[in-house]
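Here is the naming used below: chain letters follow the sequence lines, and residue numbers restart at 1 for every chain.
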2 protein chains.
Amino acid sequence: MKHAINQKPDYEKELRKAGVRITRPRRIILDILTSTEDHPDAMKIFHRAIEIDDSISLSTVYRTMNLLEEMGAIHRHAFNGGPSRFEQAHGEHHDHLIDVDTGDVIEFQSDKIEKLQEEIARALGYDIIHHRLELYGRKSKRPE
Amino acid sequence: MKHAINQKPDYEKELRKAGVRITRPRRIILDILTSTEDHPDAMKIFHRAIEIDDSISLSTVYRTMNLLEEMGAIHRHAFNGGPSRFEQAHGEHHDHLIDVDTGDVIEFQSDKIEKLQEEIARALGYDIIHHRLELYGRKSKRPE
DNA sequence: AATGCAAATGCGAATGATTTGCAAAAAGAA
DNA sequence: TTCTTTTTGCAAATCATTCGCATTTGCATT
């Protein structure tokens with residue numbers, strides 16, 4: 001089991017290649033996404049964005065998130081059924097451990113679990129398209 | 001790995017014990033919940049309910065679902081970020097495989113995966129409060 | 001640098017799921 | 001049956017998100 005680490009890919013190039021225009025709002029949103037460690041929701045992204053340019057609208061944030069999601073540049077999560085929270089799709093797949101007290105998100109990856117999931121789906125006659133594994137936990141008092 | 005099977009617990013007794021009144025709407029909703037195999041959302045429950053008593057309101061469905069959830073009698077899921085879907089909290093814990101084409105939900109349970117999750121959380125210094133594992137898949141063409 | 005046009009934006013209104021306020025109705029105890 | 005408290009139905013409010021549309025902007029082309 002390993003932690004994921006953050007990378008900073010050049011999205012502008014990718015967007016251009018996909019025939020998508022590089023606008024000021026998009027540049028700003030992309031910047032926020034690539035420079036954050038957390039998993040902000042649309043409203044949080046919006047607030048960070050208007051600090052840089054107060055003409056950006058919430059709709060544009062939503063539209064940009066949808067665009068980036070379709071391009072595979074970000075992932076969308078709905079922890080606890082709350083509003084969607086986003087993260088850049090850096091490197092390897094990983095799952096999430098959410099701190100129920102703080103809302104913090106810790107990323108982890110386990111090949112064993114991935115393999116088990118495949119086996120289970122196969123046994124039920126299915127191919128996995130994608131999956132979601134979320135652990136909701138609280139910092140343990142006991143020594144690790 | 002095993003499938004979960006359906007049981008029909010006596011919720012009225014439980015509700016009474018919790019000091020909650022047994023009303024006509026609640027009885028009807030409870031009946032729907034205990035006699036269904038699927039994981040209906042509030043709207044679906046509402047429609048089934050007004051077939052039995054057309055004076056039941058959607059708010060009451062929502063209120064009842066919240067009540068039952070707090071009592072631990074049902075579980076709430078937000079597959080794919082869609083509307084909440086409910087199921088009675090029968091017997092053992094289980095996870096879900098969602099058929100992306102039909103929306104069908106298959107329940108399964110794997111001790112191995114549960115154990116792995118515990119290990120991972122412990123390694124990260126957390127105790128698991130609860131978790132969510134959803135596999136989104138498509139019926140496989142290949143022989144099982 | 002100026003032009004043209006499709007793509008993107010901001011705004012506000014629309015949508016879908018869910019919650020809430022409140023007066024009227026029903027449940028359960030006395 | 002009466003009383004008190006909980007629940008209900010209804011309509012309006014809220015929250016997250018999307019949409020319509022007139023206006024602006026990116027950028028390929030003169």
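- No donor-acceptor pair closer than 3.5 Å links the side chain of B/Tyr62 to the backbone N or O of B/Ala42.
- Residues B/Ile32 and B/Phe46 are not in side-chain contact: their nearest non-hydrogen atoms beyond the backbone lie 4.5 Å or more apart.
- Residues of residues 78-87 of chain A that place a heavy atom closer than 4.0 Å to DNA chain D, in numerical order, are A/Pro83, A/Ser84.
- Residues from residues 16-30 of chain B lying near DNA chain C, meaning a heavy-atom separation below 4.0 Å, are B/Arg16, B/Arg21, B/Ile22 in numerical order.
- In this structure, the NE2 atom of A/His47 is 11 Å from the P atom of D/dA16, given to the nearest Å.
- Not a single donor-acceptor pair under 3.5 Å links the side chain of B/Asn80 to the backbone N or O of B/Gly82.
- Salt bridge present: A/Glu134 and A/Arg132 bring a charged side-chain N and a carboxylate O closer than 4.0 Å.
- A salt bridge does not link B/Arg138 to B/Asp99: none of the charged side-chain nitrogens sits closer than 4.0 Å to a carboxylate oxygen.
- Side-chain N or O atoms of B/Ser84 include none that pairs as donor or acceptor with a backbone N or O of B/Ala78 at under 3.5 Å.
- Two residues are said to be in side-chain contact when any heavy atoms from C-beta on lie closer than 4.5 Å; A/Gln88 and A/His39 fail this criterion.
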May I have the step-by-step check of ring pair (Phe, Tyr, Trp, His ring centres under 6.0 Å) for B/Tyr136 and A/His131, ending in yes or no?
-> CA-CA 5 Å; B/Tyr136 293 85; A/His131 73 262; 9.2 Å; no
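- Remark: side-chain polar atoms of B/Thr34 are paired, donor with acceptor, to backbone N or O of B/Asp31 under 3.5 angstrom.
- Of the residues in residues 49-56 of chain A, none has a non-hydrogen atom less than 4.0 angstrom from any atom of DNA chain D.
- DNA chain C lies under 4.0 Å from at least one heavy atom of each of the following residues of residues 60-69 of chain A: A/Thr60, A/Arg63.
- Every pair passing salt bridge (charged side-chain N to carboxylate O under 4.0 Å, His left out) that includes a residue from residues 75-89 of chain A is listed here, sequence neighbours excluded: A/Glu69-A/Arg76.
- Separation of the B/His93 and B/His130 ring centroids does not fall under the 6.0 Å cut-off.
- Note that the first and last nucleotides of DNA chain C, 5' to 3', having any atom under 4.0 angstrom from a heavy atom of chain B are C/dA17 to C/dG28.
- Two residues are said to be in side-chain contact when any heavy atoms from C-beta on lie closer than 4.5 Å; A/Leu133 and A/Phe108 meet this criterion.
- One can place CG of B/Leu15 at 14 Å from C1' of D/dT6, the figure rounded to the nearest angstrom.
- The shortest side-chain heavy-atom distance between A/Leu68 and A/Leu15 falls under the 4.5 Å cut-off.
- Between A/His96 and A/Phe79, the distance from one ring center to the other falls under 6.0 angstrom.
- By the 4.5 Å heavy-atom criterion applied to side chains, A/Val105 and A/His77 are not counted as neighbours.
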